[in-house]
2 protein chains.
Amino acid sequence: MEYLTETEANCRAREVLDRVGDKWSMVVLYNLSTGTHRFTELRRAIPGISQRMLTVTLRGLERDGLVSRTVHPVIPPHVDYDLTPLGCTLREIVGALVGWAHQHLDEIDQARTAYDRV
Amino acid sequence: MEYLTETEANCRAREVLDRVGDKWSMVVLYNLSTGTHRFTELRRAIPGISQRMLTVTLRGLERDGLVSRTVHPVIPPHVDYDLTPLGCTLREIVGALVGWAHQHLDEIDQARTAYDRV
DNA sequence: CCTTCATGGTTCCTTCTAGTAACTAAGGCA
DNA sequence: TGCCTTAGTTACTAGAAGGAACCATGAAGG
């Protein structure tokens with residue numbers, strides 16, 4: 001792995017993590033990485049997210065060019081969300097993070113329990 | 001890339017992102033991925049982080065077993081922070097994320113500008 | 001001898017953000 | 001008539017993030 005200079009890396013890291021490092025963006029991106037989803041599908045798929053935060057998160061991702069929003073003008077409303085090509089370039093990283101979580105959550109839980117015992 | 005079931009993946013994703021998906025954890029992990037650092041080194045290396053948030057973030061990462069804290073009982077205080085073996089397993093992913101940021105920030109900025117013009 | 005500096009924090013207070021609940025439009029259906 | 005649906009918005013509240021000031025301890029400077 002090639003390391004950037006400290007200053008450069010931190011500036012970059014801070015900027016990107018301001019965008020995708022919030023509580024919900026990664027989870028939304030992960031869900032969209034499997035294909036097109038509607039608003040309510042995402043809401044049901046992501047336990048704990050509120051309607052408002054899903055809206056806010058999707059708008060942010062749309063603004064950053066990671067997610068596209070397609071409105072079908074019908075009643076009741078029908079809106080599709082997709083990854084843009086730029087969003088697709090994040091797919092592997094998001095997948096890796098979720099995979100890491102899957103592998104190591106038990107260890108984290110153990111560490112946490114041990115820490116709290118002291 | 002192997003996908004998990006939706007429910008499973010989302011639960012896992014949520015849990016890990018509750019741990020490393022906050023505003024500062026990833027940046028701190030990235031800085032520690034280059035080796036041992038002292039408290040004040042980290043503070044200077046990470047522009048914008050407050051003393052308090054650095055303390056809180058490091059404690060959280062220590063609690064989760066990702067970072068180790070070594071106190072040298074001297075005056076003035078000397079405390080070293082390192083990645084644990086568990087923390088090291090995140091190194092590649094964090095590096096990939098920062099690398100991605102480095103490559104694509106310009107595109108994000110363009111998308112953002114375009115979105116705001118409308 | 002008194003002041004100042006360095007380090008790694010803590011405490012208090014304010015601001016900001018995330019989350020909750022209620023409301024909306026507009027047509028379909030019983 | 002009145003309730004269902006989807007994709008939001010709005011107003012309010014609780015909790016987290018951030019800023020400024022303070023602390024202990026010894027060493028160094030004048």
Side-chain angles (χ1 to χ4, degrees), chain A residues 10-11 13-29 31-32 35-64 67-83 112 115 118, chain B residues 10-11 13-29 31-32 35-64 67-82 115 118:
Chain A
N10 279 301
C11 289
R14 270 228 311 154
E15 284 181 69
V16 73
L17 290 164
D18 282 349
R19 290 161 212 269
V20 300
D22 67 86
K23 184 160 183 174
W24 298 111
S25 293
M26 282 280 190
V27 189
V28 171
L29 288 174
N31 276 272
L32 288 178
T36 305
H37 287 270
R38 299 180 59 174
F39 185 89
T40 306
E41 279 173 12
L42 290 171
R43 196 156 90 86
R44 274 196 281 262
I46 302 171
I49 198 167
S50 67
Q51 207 159 18
R52 184 181 169 279
M53 288 319 294
L54 182 54
T55 303
V56 170
T57 303
L58 285 168
R59 288 285 193 282
L61 294 172
E62 194 196 348
R63 180 170 182 246
D64 290 346
V67 161
S68 68
R69 179 171 180 268
T70 313
V71 181
H72 305 279
V74 295
I75 300 285
H78 185 141
V79 181
D80 283 328
Y81 290 96
D82 261 302
L83 290 187
R112 196 182 266 232
Y115 186 92
V118 181
Chain B
N10 280 301
C11 289
R14 269 228 312 153
E15 284 181 69
V16 74
L17 291 163
D18 282 349
R19 290 160 212 271
V20 301
D22 66 88
K23 184 160 183 173
W24 297 111
S25 292
M26 281 279 190
V27 189
V28 170
L29 287 173
N31 276 271
L32 288 177
T36 304
H37 287 270
R38 299 182 59 176
F39 186 89
T40 307
E41 280 173 12
L42 289 171
R43 197 157 89 85
R44 273 196 282 261
I46 302 172
I49 196 167
S50 70
Q51 208 160 17
R52 186 181 169 280
M53 286 322 293
L54 182 53
T55 303
V56 171
T57 303
L58 285 168
R59 288 284 193 284
L61 293 172
E62 194 196 348
R63 181 169 182 248
D64 290 346
V67 161
S68 68
R69 181 171 179 267
T70 313
V71 181
H72 305 280
V74 294
I75 299 285
H78 185 138
V79 181
D80 283 327
Y81 290 96
D82 261 301
Y115 186 93
V118 180

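Computed over heavy atoms, backbone and side chain alike; hydrogens, waters and symmetry mates excluded. Naming: A, B, ... by sequence-line order, numbering from 1 per chain.
- Evaluation of the side chain to side chain contact (heavy atoms under 4.5 Å, CB included) rule for Asp82(B) yields Thr36(B), Ser68(B) as partners, not counting sequence neighbours.
- Atoms CG and CZ, from Asn31(A) and Arg43(A) in turn, are 14.0 Å apart once rounded to the nearest 0.5 Å.
- By the side chain to side chain donor-acceptor pair (under 3.5 Å) test, Arg69(A) is found to be paired with Tyr81(A), residues two or more places apart in sequence or in another chain being considered.
- Using a 4.0 Å heavy-atom cutoff across all strands shown, Arg38(A) reaches sugar-phosphate atoms only and no base atom.
- Residues Thr55(A) and Phe39(A) have side chains in contact (heavy-atom distance under 4.5 Å, counting atoms from C-beta outward).
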Quiz item: What string of B, S and - do you get for nucleotides 20-30 of chain C, 5' to 3', when a contact is any protein heavy atom under 4.0 Å?
Solution: B-----BS---
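- Here dG19(C) presents its P atom at 12 Å from CD1 of Ile46(A), a figure rounded to the nearest Å.
- Residue Arg59(B) places at least one side-chain N or O under 4.0 Å from the OP1 or OP2 atom of dG9(C).
- Rounding to the nearest 0.5 angstrom, the gap separating the OG1 atom in Thr57(B) from the CD1 atom in Ile49(B) is 4.5 Å.
- The side chain to side chain contact (heavy atoms under 4.5 Å, CB included) check on Thr40(A) picks up Arg44(A), with sequence neighbours excluded.
- For DNA chain D, the contact window with chain B, defined by any atom under 4.0 Å from a protein heavy atom, covers dA17(D) to dG26(D) in 5' to 3' order.
- In this structure, the salt bridge (charged side-chain N to carboxylate O under 4.0 Å, His left out) partners of Arg63(B), at least two apart in sequence or on a different chain, are Asp116(A).
- Look at Trp24(A) and you'll find a side-chain N or O under 4.0 angstrom from OP1 or OP2 of dG19(C).
- For the pair Tyr81(B) OH and dT7(C) C1', the interatomic distance rounds to 11 Å; values are reported in whole Å.
- One finds the CG atom of Leu58(B) at 10.5 Å from the CE atom of Met53(B) (value rounded to the nearest 0.5 Å).
- When rounded to the nearest whole Å, the span between CG of Leu58(B) and C1' of dT7(C) equals 14 Å.
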